[in-house]
Number of protein chains: 2
Amino acid sequence: MTVSNVVRGAPNVSDATRQRVLETIERIGYVPNSSARNLRAGRSGAVSFAIPTIDNSYFAELARLLLDEAAALGWTVLIEQTKGDGELERRALAGYGPTPTDGLVFFPQALVADEVAAQAAGRPLVLLGEQGDRGPGDVVIVDNEGAAREAVAHLLALGRRRVAAVGESPAAGTENSHRRIAGYRAALEEAGVPFEPALAPRVDHYTRAEGAEAVGALLDGPAPPDAVFAFNDMLAVGAVHAARERGLRVPEDLAVVGFDGTDEARYCNPPLTTVAPDKRGIAREAMRLLNERITRGDDLPYRTVRMGHELLVRGSSLAAAGS
Amino acid sequence: MTVSNVVRGAPNVSDATRQRVLETIERIGYVPNSSARNLRAGRSGAVSFAIPTIDNSYFAELARLLLDEAAALGWTVLIEQTKGDGELERRALAGYGPTPTDGLVFFPQALVADEVAAQAAGRPLVLLGEQGDRGPGDVVIVDNEGAAREAVAHLLALGRRRVAAVGESPAAGTENSHRRIAGYRAALEEAGVPFEPALAPRVDHYTRAEGAEAVGALLDGPAPPDAVFAFNDMLAVGAVHAARERGLRVPEDLAVVGFDGTDEARYCNPPLTTVAPDKRGIAREAMRLLNERITRGDDLPYRTVRMGHELLVRGSSLAAAGS
DNA sequence: CAAGCCAGGTTTAACGTTACACACTCGGGC
DNA sequence: GCCCGAGTGTGTAACGTTAAACCTGGCTTG
């Protein structure tokens with residue numbers, strides 16, 4: 001018990017005793033047993049970060065920041081890959097698996113808000129991305145609709161009139177993509193450009209390969225686009241790749257704008273214009289909200305935090321010399 | 001106890017009882033408490049994956065595969081970012097932190113083999129990358145020297161004579177980079193090209209920014225290179241960026257070869273030639289070795305597994321039309 | 001028909017920690 | 001001289017799980 005008091009820095013331990021204990025700890029190499037602590041405390045000290053996959057530039061960068069924020073608050077983060085699969089998402093929410101966590105930061109893809117609410121069942125939860133009217137937990141978002149509108153307006157301002165939007169997804173929980181489509185349509189309308197469903201192909205996964213495939217199909221089609229607004233940077237990189245493969249120039253023949261503000265976009269060739277959400281802010285707020293919800297309990301009302309974004313204009317969408 | 005038997009599928013439970021227990025579990029929503037299990041078992045069911053940072057394409061892709069392999073074997077993976085910092089590496093090895101793990105897969109950077117051995121102190125350990133003569137644990141490697149030699153020989157075969165090597169690092173534990181430098185020098189020697197220290201600049205971190213900086217400095221120097229062998233794909237992407245910034249063409253003016261075989265390299269512009277280690281194999285073997293060492297104890301001798309690699313030749317190092 | 005065995009189920013104890021109650025000592029204060 | 005309280009330190013019990021020992025009837029076996 002005295003050892004416990006010393007280790008935890010509890011009062012009522014004399015300096016002499018404290019010293020003696022610390023020396024002994026050092027000598028015999030005592031390390032507190034976390035399982036016992038967790039059992040006793042009813043906590044695990046770990047939280048989950050449930051995302052589709054970690055080898056997505058955006059989630060990798062976000063994970064880096066989130067791990068740092070978590071460490072600062074004394075939490076360990078456990079990354080769970082849901083692959084956008086409903087069953088895996090359900091499992092992550094319910095907290096199955098050999099390692100228990102006290103809550104999670106979740107980026108839903110397959111599940112809609114109601115299902116998320118049902119599965120989480122009172123577990124402390126912070127959602128990333130838009131969630132319909134009210135989320136089943138705290139929510140951290142960016143203004144997807146506004147950001148998309150800006151991005152597309154930027155392309156239209158360059159004189160482009162056949163702007164494709166790549167990233168609408170058949171997955172149910174991708175409210176983010178619906179908002180971005182809405183922003184896209186709003187920008188088109190504002191410029192008096194009719195919406196053409198064929199220019200908004202669906203993709204299953206936000207990968208470079210699917211970006212290249214989707215944009216390649218558009219470029220090979222009867223009425224190719226002259227610009228692409230991709231819903232993430234990996235899709236955008238795929239779009240650039242598809243254009244190059246066909247001997248088209250970026251941005252002259254095809255202007256491209258991405259989303260996520262990843263480092264990869266910055267070092268692309270040409271450097272990629274992209275909507276950069278405040279990733280550090282998102283990571284910080286997500287951990288802050290989760291920490292509060294876990295420690296302060298569930299009398300807190302659900303909160304929504306909106307983080308800023310910025311359109312980083314780069315070479316992939318500069319006005320072409322001749323146009 | 002009977003519940004425990006049912007949950008674990010132990011024998012000596014009648015079908016009737018089993019049924020009754022399962023129904024009750026369902027009804028009251030019983031979930032086994034992992035902390036108690038871990039306390040009882042003396043295990044945590046989790047392993048660490050200690051790497052510099054997760055927002056490095058290679059580690060992100062490797063993490064994805066490792067998480068999958070681990071899940072298949074019933075392990076949870078905890079990613080720890082060491083930032084290449086000695087103190088953080090020591091902590092990861094010793095298993096500090098609020099969440100205990102039963103072992104780890106470790107990519108050392110700051111620490112040398114002896115320090116690793118001292119810190120790990122008997123914890124089940126699998127090392128990624130070369131470790132001098134004998135590792136302080138199981139080791140999974142690729143033939144760094146051979147791979148580097150192939151890559152550089154490929155550049156020399158294109159007629160390049162001023163091949164830079166970017167990636168030698170001042171960090172102590174980067175045995176990988178020493179081997180790659182060795183392969184680089186071997187290839188030069190074989191082709192009768194003298195080694196020029198100025199063409200092998202040091203970098204602190206394997207990031208796109210440092211790749212661009214290092215190669216930019218070389219290109220701005222008195223005797224610029226006509227080819228670059230970068231020690232990872234991010235450095236290579238930075239190299240391409242630096243060349244483009246200066247109006248140079250890749251591969252005509254500067255051929256570039258990377259290392260890691262990341263998806264990013266494939267979709268680069270131009271697509272990046274890269275040495276692709278068998279990442280899936282590395283992930284699989286690493287988890288297999290770690291699993292065996294944890295479950296079978298330490299009477300096992302240290303093992304070294306060498307995985308294959310492949311030089312993927314792409315646009316960034318094709319023979320220039322005119323050369 | 002007693003002994004033995006077996007399937008099915010229960011009790012005990014222990015894993016390491018810590019909240020809480022309890023015990024002891026030593027200076028004052030009345 | 002007695003009590004009080006502050007400052008220290010110790011004992012107890014409980015967190016949820018499970019290996020191992022232990023019951024308990026019914027059934028086989030010699």
Side-chain angles (χ1 to χ4, degrees), chain A residues 1-48 74-76 78 94-103 121-124 294-297, chain B residues 1-47 74-76 78 94-103 121-124 294-298:
Chain A
M1 196 59 231
T2 299
V3 173
S4 174
N5 284 332
V6 169
V7 172
R8 290 175 305 129
N12 292 355
V13 179
S14 69
D15 283 352
T17 309
R18 184 187 312 281
Q19 213 46 50
R20 220 152 40 89
V21 169
L22 289 175
E23 270 163 30
T24 311
I25 282 178
E26 179 66 24
R27 187 163 49 75
I28 67 176
Y30 165 83
V31 179
N33 179 308
S34 305
S35 296
R37 274 196 170 164
N38 293 339
L39 173 60
R40 183 66 240 244
R43 289 256 184 91
S44 78
V47 298
S48 298
W75 292 101
T76 300
L78 216 137
Y96 283 161
T99 308
T101 53
D102 299 330
R123 276 187 95 206
I294 294 174
T295 55
R296 278 240 270 288
Chain B
M1 196 58 227
T2 298
V3 172
S4 174
N5 284 331
V6 169
V7 171
R8 291 174 305 127
N12 289 354
V13 179
S14 71
D15 283 352
T17 310
R18 184 186 312 280
Q19 211 49 47
R20 219 152 41 89
V21 169
L22 288 176
E23 269 164 29
T24 310
I25 282 178
E26 178 67 24
R27 186 162 50 74
I28 68 176
Y30 165 83
V31 179
N33 179 307
S34 305
S35 296
R37 274 195 170 165
N38 293 339
L39 174 59
R40 181 68 239 244
R43 290 257 183 91
S44 79
V47 298
W75 293 101
T76 300
L78 217 137
Y96 282 161
T99 308
T101 53
D102 300 329
R123 276 187 94 207
I294 295 174
T295 55
R296 279 240 269 287
D298 37 21

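So that the names make sense, note that chain A is the first sequence line, chain B the second, and so on, each numbered from 1.
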So if I apply the side-chain contact (heavy atoms from CB on, under 4.5 Å) rule between V7(A) and each of V21(A), V31(A), I25(A), L22(A), which one comes out positive? I25(A)
Side chains of N38(A) and N38(B) in contact at under 4.5 Å (non-hydrogen atoms): no
Do N12(B) and N5(B) have side chains that get closer than 4.5 Å, going by heavy atoms? no
In whole angstrom, give the distance that lies between atom [atom1] of [X] and atom [atom2] of [N].
| X | N | atom1 | atom2 | result |
| --- | --- | --- | --- | --- |
| M1(A) | dA13(D) | CE | P | 15 Å |
| N12(A) | dC22(C) | CG | P | 17 Å |
| N5(B) | dG9(C) | CG | P | 10 Å |
| R18(A) | dT8(D) | CZ | P | 10 Å |
| N38(A) | dC15(D) | CG | C1' | 11 Å |
| R20(A) | dT8(D) | CZ | C1' | 12 Å |

Kindly point out which of [options] is positioned nearest to the side chain of [X]?
| X | options | value |
| --- | --- | --- |
| T2(B) | dT17(C), dG16(D), dT10(C) | dT10(C) |
| R8(A) | dT18(C), dT17(D), dG9(D) | dT18(C) |
| L39(A) | dG9(C), dT18(C), dG16(D) | dG16(D) |

Test side chain to side chain donor-acceptor pair (under 3.5 Å) on S44(A) and D102(A); report intermediate values, then the result. CA-CA 6 Å; S44(A) 78; D102(A) 299 330; 3.3 Å; yes
What pair of heavy atoms forms the shortest contact from R123(B) to T101(B), and how long is it? NH2-OG1, 2.6 Å
Between D15(B) and A36(B), whichever has its closest DNA chain C nucleotide further toward 5' is D15(B)
Quiz item: R37(B) side-chain donor-acceptor pair to dT17(D) base, under 3.5 Å: no
Mind checking [X] for me? I need base, sugar-phosphate or nothing, with any heavy atom below 4.0 Å counting as a touch.
| X | result |
| --- | --- |
| N33(B) | sugar-phosphate |
| P11(B) | nothing |
| S35(B) | nothing |

Can you see if the side chain of S14(B) gets near the phosphate of dG9(C) - specifically, an N or O under 4.0 Å from OP1 or OP2? yes
OP1 or OP2 of dC15(D) less than 4.0 angstrom from a side-chain nitrogen or oxygen of R43(A), does that happen here? no
